[in-house]
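In what follows, a single structure is set out as structure tokens and then discussed.
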2 protein chains.
Amino acid sequence: MNVTIKDIAKIAGVSYSTVSKALNNSPLVKSDTKERIVAIAKEIGYEPNFAAQRLVSKQTKIIGLIWPTIERVVLSTLVTKISDEINKTPYSMILSVDPVQASLETFRRFQVDGIILFEENVDVAVDPSSTPLLSYGVARKGPANYPIIDANHEQAMYEAVKYLYALNHANIAYIGDFSPTDPMQVQKYKGFVKAMKDFNLPVEEHNLINTSGLDWYDGYTATRKFLSLPNRPTAIVGGSYDISGGIIRGIKEANLDIPKDISIISYDNIPQMENMEIPLTSIGVPVDKLAIEIVQSMIKIIEEKESQPVVIKMTPELTVRASCK
Amino acid sequence: MNVTIKDIAKIAGVSYSTVSKALNNSPLVKSDTKERIVAIAKEIGYEPNFAAQRLVSKQTKIIGLIWPTIERVVLSTLVTKISDEINKTPYSMILSVDPVQASLETFRRFQVDGIILFEENVDVAVDPSSTPLLSYGVARKGPANYPIIDANHEQAMYEAVKYLYALNHANIAYIGDFSPTDPMQVQKYKGFVKAMKDFNLPVEEHNLINTSGLDWYDGYTATRKFLSLPNRPTAIVGGSYDISGGIIRGIKEANLDIPKDISIISYDNIPQMENMEIPLTSIGVPVDKLAIEIVQSMIKIIEEKESQPVVIKMTPELTVRASCK
DNA sequence: ATCAAAAATGAAAACGTTGTTATATTATGT
DNA sequence: ACATAATATAACAACGTTTTCATTTTTGAT
């Protein structure tokens with residue numbers, strides 16, 4: 001059987017309500033007594049009973065994370081970081097990999113205090129009266145009825161081009177997914193094109209390479225194809241971590257050197273960029289900062305109960321490594 | 001404020017203890033009353049209060065999963081499946097990506113009912129009197145004081161060779177990690193060598209290729225190197241999902257065809273094998289079955305309280321796809 | 001020394017369940 | 001019709017906290 005505050009009370013010769021206050025560092029109890037009680041608690045290895053605390057506080061101190069799409073390295077890194085971040089707070093995290101609606105159902109049953117949703121193209125009907133919800137996704141036209149944290153993809157791509165331009169590149173290509181149904185990709189595309197225009201660089205067919213997908217293989221095949229064409233760019237912007245992996249391989253296979261022959265900068269700012277065949281210079285919101293922002297916002301929403309459906313656009317950062325010249 | 005059994009009691013005109021029994025389908029309450037109460041509960045959207053149930057039942061119905069190594073596709077798939085599986089039960093899962101000892105600490109505080117540990121080379125000192133613990137890892141010499149679920153790596157590799165042998169291959173190479181400090185890899189190595197000997201196939205330097213790592217790139221570089229050597233094998237056993245990805249690439253680059261020129265079978269049995277450049281024939285315990293076994297065992301240990309430190313060796317299965325001939 | 005105010009502690013209700021025990025109701029056999 | 005057994009329902013303690021309110025103790029001013 002576990003140690004309770006009543007056990008502590010008995011040893012300390014005080015009432016258990018005093019113990020409760022002492023352990024919560026209440027100003028209502030004398031500091032000598034407080035110290036004595038805390039010492040005893042530690043001594044006999046007291047751990048507060050979670051269920052009892054929840055019952056009276058009407059909170060679960062649990063945040064649910066809905067993660068319907070699996071197995072993209074970037075996302076699993078983000079999940080890890082979010083978990084880390086939540087563990088630093090009094091909250092903890094439970095994970096659901098079920099489809100969105102089913103997950104919401106589960107979390108309601110669980111009475112979690114808040115829900116973080118990884119949104120990919122999903123538009124969720126959320127009853128605003130219910131559990132606080134925060135989405136990591138893309139801002140909509142008409143704002144949803146819950147807050148959204150969104151990496152500024154457009155700005156990221158703009159900065160990528162700006163950086164390459166500053167390095168005197170004039171023939172810059174974008175290898176990425178141009179799917180018009182994925183808002184994230186649309187943003188990236190826009191940002192690239194806008195920057196190119198702003199710097200008076202040509203935007204033509206040969207420097208807009210559609211991978212039709214976000215995976216390694218998509219980047220690889222697209223690169224092979226486009227390297228065989230004339231008017232080869234001197235710099236490439238890769239649309240995702242995985243795509244860029246494929247790009248590197250494609251370039252290597254053509255016996256070209258990075259960055260001597262071609263510079264490359266990739267979207268997605270995760271530590272793994274460092275460990276690629278060539279450490280990739282990358283642009284994007286650092287995954288750590290993203291995690292912190294998501295968790296902080298979630299907790300704020302939970303605790304302040306005032307969830308305006310704001311959109312938080314996170315600013316991308318450039319991390320220079322060895323792939324641009 | 002949430003609906004409680006007292007609200008139901010008021011509406012139904014019975015005492016709340018009767019409601020409790022009715023909702024738990026107790027034989028102590030008349031079936032008419034039961035139905036009526038259940039109907040009302042549904043009607044007004046009653047959800048039992050988790051904390052209250054936990055407080056009285058002395059259980060949390062939460063299973064903690066410790067996952068210290070991240071970002072190996074195979075493992076994240078397994079985590080997903082385990083989560084799925086747990087969600088089918090009355091339990092739910094919380095995830096910790098902290099180092100083992102810190103995670104154990106957290107989970108104790110949480111009073112989780114059981115802990116699943118993904119063990120990679122970690123030897124954990126566990127106080128057997130405490131929370132039930134189940135490890136997914138490798139059997140030790142002296143059994144640990146908790147149960148271990150272990151894929152039979154040795155048998156897997158044996159079966160791989162057997163399969164290739166049945167396809168009339170005589171020159172078979174193993175491309176994998178031969179690190180003597182990683183017990184999983186040692187098992188695989190052993191299984192391969194044993195099979196080769198049993199089938200009277202030669203085990204020489206040219207068909208034991210050490211990648212010194214488990215990643216894509218390790219497989220790729222190893223393959224490039226060994227393809228340049230004479231006496232090229234007709235079939236390859238790849239040591240992991242990622243390694244095999246690299247092997248495929250290496251072979252393709254050498255302008256060889258799979259399976260026409262070289263057959264390849266990979267360790268790890270996950271659905272993603274289907275989506276590789278070439279759908280890979282693979283051997284290993286199917287990740288779904290692994291997840292089911294882990295979760296079932298965990299729950300059994302929790303509920304029966306009799307955790308003998310057994311080792312469960314899971315039988316690998318062969319999934320034939322397009323990469324062997 | 002006396003008393004009021006302030007400080008410290010204690011008592012007890014509340015949170016929403018489950019499970020045990022007590023009570024009321026119905027059925028059964030004579 | 002009556003005792004007895006079986007059945008259905010109600011009452012209430014218990015789980016381990018937090019929090020409110022009541023009580024006791026200490027402090028400080030007179």
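Convention: sequence-line order gives letters A, B, ...; per-chain numbering from 1. The basis for the numbers below is simple: all heavy atoms, side chains too, and nothing from hydrogens, waters or symmetry mates.
A:S57 comes within 4.0 angstrom of no nucleic acid atom, judged by non-hydrogen atoms across all strands. No contact: A:F50 has no heavy atom under 4.0 Å from any strand. A:Q111 comes within 4.0 angstrom of nothing in the nucleic acid, heavy atoms only.
Straight-line distance from the OH atom of B:Y16 to the P atom of C:dG19: 14 Å, rounded to whole Å. Look at NZ on A:K61: it is 14 Å from C1' on D:dT18, rounded to the nearest Å. If you measure from atom CZ of B:R54 to atom C1' of C:dC15, you get 15 Å, rounded to the nearest angstrom. One atom, NZ of B:K6, and another, P of C:dA13, lie 13 Å apart when rounded to the nearest Å. The distance between atom CG of A:L28 and atom P of D:dT20, rounded to the nearest whole Å, is 10 Å. B:N49 has its CG atom 5 Å from the P atom of C:dT17, to the nearest Å. Atom CG in A:N24 sits about 10 Å away from atom C1' in D:dT19, given to the nearest Å. The CD1 atom of B:I8 sits 16 Å away from the P atom of D:dT9 (whole-angstrom rounding).
In the set D:dT18, D:dT20, D:dA11, D:dT20 carries the atom at the smallest distance from any side-chain atom of A:K21. Checked against D:dT9, C:dT17, D:dC15, the side chain of B:L55 finds its nearest nucleotide in D:dC15. In the set D:dA11, D:dT17, C:dA8, the nucleotide with an atom closest to the side chain of A:K30 is C:dA8. Across C:dT18, C:dT9, D:dT17, the shortest atom-to-atom separation from the side chain of A:V56 is found for D:dT17. Ranking C:dG16, D:dT18, C:dA11 by closeness to the A:I5 side chain, first place goes to D:dT18.
A donor-acceptor contact under 3.5 Å links the side chain of B:S17 to the base of D:dA11.
A salt bridge is defined here as a Lys NZ or Arg NE, NH1 or NH2 lying under 4.0 Å from an Asp or Glu carboxylate O, and B:E85 with B:K88 meets this definition.
Side-chain N/O atoms of B:T33 include one lying less than 4.0 angstrom from OP1 or OP2 on D:dT9. The phosphate of C:dG16 (OP1 or OP2) has no side-chain N or O of B:Q53 nearer than 4.0 angstrom. Between C:dG10 and A:S15, a contact under 4.0 Å exists linking OP1 or OP2 to a side-chain N or O.
Ring planes of A:F110 and B:F50: tilted class, angle from 30 to 60°.
B:D113 places no side-chain N or O within 3.5 Å of a backbone atom of B:I63 that could act as its donor or acceptor partner.
In this structure, CD1 on B:I149 lies 4.5 Å from CD1 on B:I312, to the nearest 0.5 angstrom.
When only modelled atom types and interatomic distance are considered, A:S31 and A:E35 share no side-chain donor-acceptor pair under 3.5 Å.
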